[in-house]
Asker: 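Here's a structure for you.
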Amino acid sequence: MLLLAACGSPAAQPPSGAPFPASEVAPPAESEAARAETVVVFLGDSLTAGYGLDAGDALPAQIEAIWKAQGLDVGVVNAGVSGDTTANGLARFDWSVTAAEPDLVVIALGANDFLMGVPADAARANLAAILERARAAGIPAVLVGLAPRGDIQPGSREADYAAIYPDLAAHYGVPYYPSLLGDIALDPSLLQPDGLHPTKEGVVRIAEPLAGFLEPLLETRE
């Protein structure tokens, strides 16, 4: 089984074809982040959007709070939409990312593609197109992957999906972060009852290492 970047315990995993719940809240077109010296956009699905949480408890907001506590003038735009696939992220890239004129975009998409049965080649092509779009716009990118759990059989669909992210990161020369959830995916106490999405405490746990990973990549606007 593939432990998706947005999946939790296998018992709570939705059947194949069931995307993460759609959110009624779309990412803001403009925010106070635009006035910061450095702007980071998180382009993702329910893990980025903060499904089941207050807006201030979502992962991007928590990462922004960490940076501000360190005295960094960084504004974070939460461009996460629950239920989004890689195709959705590509379709709204200009509005969700380019329009914010960010200094960095964190791309965390693909889990819904896997759950919905989208072929790995299609997800790979969409992510490649997103990275191409970022490169054309002069926006540095970070790619967040899907983390495998257990034995992944060579040639399996799980293996095909797991390979997408390190392959693309190497090809495009962008930093690669293996999984948003990390080890909390194995801790039900830090997951919501659906077993897929982190609790407020779970977000706090995963925000710190990701903030630390991204901090050296931050650039101050000229």
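Small disclaimer: the values here were computed from a predicted structure and weren't measured.
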Asker: Minimum heavy-atom separation for A108 and L180, please, with both atom names.
Answerer: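 What the structure gives for the nearest pair is CB-CD1, 4.0 Å.
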
Asker: Search all heavy atoms of A141 against all heavy atoms of P175 and return the closest pair with its distance.
Answerer: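 In terms of heavy atoms, the two residues are closest at O-CD, 3.3 Å.
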
Asker: Rounded to the nearest 0.5 Å, what separation is found between the NZ atom of K200 and the CG atom of L53?
Answerer: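 Atom-to-atom, K200:NZ and L53:CG are 9.0 Å apart.
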
Asker: How close do I184 and R205 get, counting heavy atoms only, and between which atoms?
Answerer: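 That would be CG2-CG, 3.5 Å.
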
Asker: In this structure, which one of L90, V105, I139, V97 forms a side chain to side chain contact (heavy atoms under 4.5 Å, CB included) with R133?
Answerer: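 So, applying the side chain to side chain contact (heavy atoms under 4.5 Å, CB included) to R133 and each of L90, V105, I139, V97, only L90 qualifies.
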
Asker: Could you pull out the closest heavy-atom pair between P198 and V203, with the gap in Å?
Answerer: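 Closest heavy-atom pair between P198 and V203: CG-CG2, 3.7 Å.
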
Asker: G50 and A58: which non-hydrogen atoms are nearest, and at how many Å?
Answerer: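 Shortest heavy-atom contact: CA-CB, 3.8 Å.
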
Asker: For E101 and V39, run side-chain contact (heavy atoms from CB on, under 4.5 Å): C-alpha distance rounded to whole Å, both residues' side-chain angles, the deciding distance at 0.1 Å, then the answer.
Answerer: CA-CA 8 Å; E101 300 182 352; V39 176; over 6 Å; no

Asker: Once you round to the nearest 0.5 Å, how far does CZ of F93 lie from CD1 of I130?
Answerer: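 The CD1 atom of I130 is 7.5 Å from CZ of F93, to the nearest 0.5 Å.
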
Asker: What's the separation between atom CD in E201 and atom OG in S189, rounded to the nearest 0.5 Å?
Answerer: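 If we round to the nearest 0.5 Å, E201:CD and S189:OG are 9.0 Å apart.
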
Asker: Less than 4.5 Å apart, side chain to side chain, heavy atoms only: is that true for V40 and F42?
Answerer: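 In contact.
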
Asker: Testing the 3.5 Å rule here: is there a donor-acceptor pair between the side chains of Y51 and Q192?
Answerer: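 No, because no side-chain N or O of Y51 sits under 3.5 Å from a partner of the opposite role on Q192.
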
Asker: Under 4.5 Å between any side-chain heavy atoms of I206 and L181, yes or no?
Answerer: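 Of all side-chain heavy-atom pairs linking L181 with I206, at least one is under 4.5 Å.
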
Asker: Looking only at heavy atoms, what is the nearest atom pair of P216 and G212, with distance?
Answerer: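 That would be CD-O, 3.2 Å.
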
Asker: Does the ring of Y172 carry R135 above it, NZ/CZ under 6.0 angstrom from centre and within 45° of its axis?
Answerer: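 No, R135 does not lie over the aromatic ring of Y172.
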
Asker: Going through the distances and angles, do Y176 and L168 end up as a side-chain contact (heavy atoms from CB on, under 4.5 Å)?
Answerer: CA-CA 9 Å; Y176 166 61; L168 287 179; over 6 Å; no

Asker: To the nearest 0.5 Å, what is the distance between CG on L210 and OG on S179?
Answerer: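 L210 CG to S179 OG: 10.0 Å, rounded to 0.5 Å.
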
Asker: When clusters are formed by joining ILVMFWY residues with side-chain heavy atoms under 4.5 Å apart, either directly or through shared neighbours, do V76 and L217 land in the same one?
Answerer: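 Shared cluster, yes.
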
Asker: Of V174, L131, V41, which meets side chain to side chain contact (heavy atoms under 4.5 Å, CB included) against I107?
Answerer: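 Between I107 and the candidates, side chain to side chain contact (heavy atoms under 4.5 Å, CB included) is satisfied uniquely by L131.
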
Asker: Give, for atom CH2 of W67 and atom OG1 of T38, the distance between the pair rounded to the nearest 0.5 Å.
Answerer: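 Going from CH2 on W67 over to OG1 on T38, the span is 9.0 Å.
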
Asker: Could you please spell out the steps behind the side-chain contact (heavy atoms from CB on, under 4.5 Å) verdict for D187 and L191?
Answerer: CA-CA 7 Å; D187 187 345; L191 298 173; over 6 Å; no

Asker: Report the residues that fulfil salt bridge (charged side-chain N to carboxylate O under 4.0 Å, His left out) with D73, sequence neighbours left out, ordered by chain and then residue number.
Answerer: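 Scan of D73 (salt bridge (charged side-chain N to carboxylate O under 4.0 Å, His left out), adjacent residues dropped) gives none.
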
Asker: Do the non-hydrogen side-chain atoms of P60 and V77 ever get within less than 4.5 Å of each other?
Answerer: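 They are not in contact (no side-chain heavy atoms under 4.5 Å apart), so the answer is no.
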
Asker: Sub-3.5 Å donor-acceptor pair from the side chain of S156 to the main-chain atoms of Q153, do we have one?
Answerer: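 A pair under 3.5 Å: yes.
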
Asker: Tell me whether N78 contacts the main-chain N or O of T48 through its side chain, where contact means a donor paired with an acceptor under 3.5 Å.
Answerer: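 Present.
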
Asker: Is there a side-chain contact between V144 and V106, using heavy atoms and a 4.5 Å cut-off?
Answerer: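 V144 reaches V106 side chain to side chain.
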
Asker: The criterion is side-chain hydrogen bond (donor to acceptor under 3.5 Å, both in side chains); which residues satisfy it with D167, sequence neighbours excluded?
Answerer: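 With neighbours one apart ignored, the set is R124.
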
Asker: Could R92 and D84 be called an ion pair, given the rule that one side-chain N must be under 4.0 Å from one carboxylate O?
Answerer: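 D84 and R92: salt-bridged.
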
Asker: For L143 and Y177: C-alpha separation, side-chain torsions, deciding distance, then whether side-chain contact (heavy atoms from CB on, under 4.5 Å) applies.
Answerer: CA-CA 6 Å; L143 190 60; Y177 193 78; over 6 Å; no

Asker: According to side-chain contact (heavy atoms from CB on, under 4.5 Å), who are the partners of A120, at least two apart in sequence or on a separate chain?
Answerer: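 If we apply the side-chain contact (heavy atoms from CB on, under 4.5 Å) test to A120, skipping adjacent residues, the hits are D160, Y161, I164.
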
Asker: When you look at CD of E208, are more than 12 heavy atoms from neighbouring residues, nucleotides or ligands closer to it than 6.0 Å?
Answerer: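 No.
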
Asker: Hey, what do you get for CD1 (I63) to CD (E215), rounding to the nearest 0.5 Å?
Answerer: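 Separation between the atoms: 11.5 Å.
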
Asker: Between the side chain of Q62 and the main-chain N/O of G56, is any donor-acceptor distance below 3.5 Å?
Answerer: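 Yes, because the side chain of Q62 sits within donor-acceptor range (under 3.5 Å) of the backbone of G56.
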
Asker: Give a yes or no on whether the backbone of A122 and the side-chain of N126 come within a donor-acceptor separation of less than 3.5 Å.
Answerer: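 Side chain of N126 to backbone of A122: a pair is present.
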
Asker: Would a single hydrophobic cluster contain both V204 and I66, if residues Ile, Leu, Val, Met, Phe, Trp and Tyr are joined by side-chain heavy-atom contacts under 4.5 Å?
Answerer: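 Looking at the clustering, V204 is in a separate group from I66.
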
Asker: Would D113 and T86 count as having a side-chain donor-acceptor pair, cut-off 3.5 Å?
Answerer: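 The answer is yes; a qualifying pair exists.
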
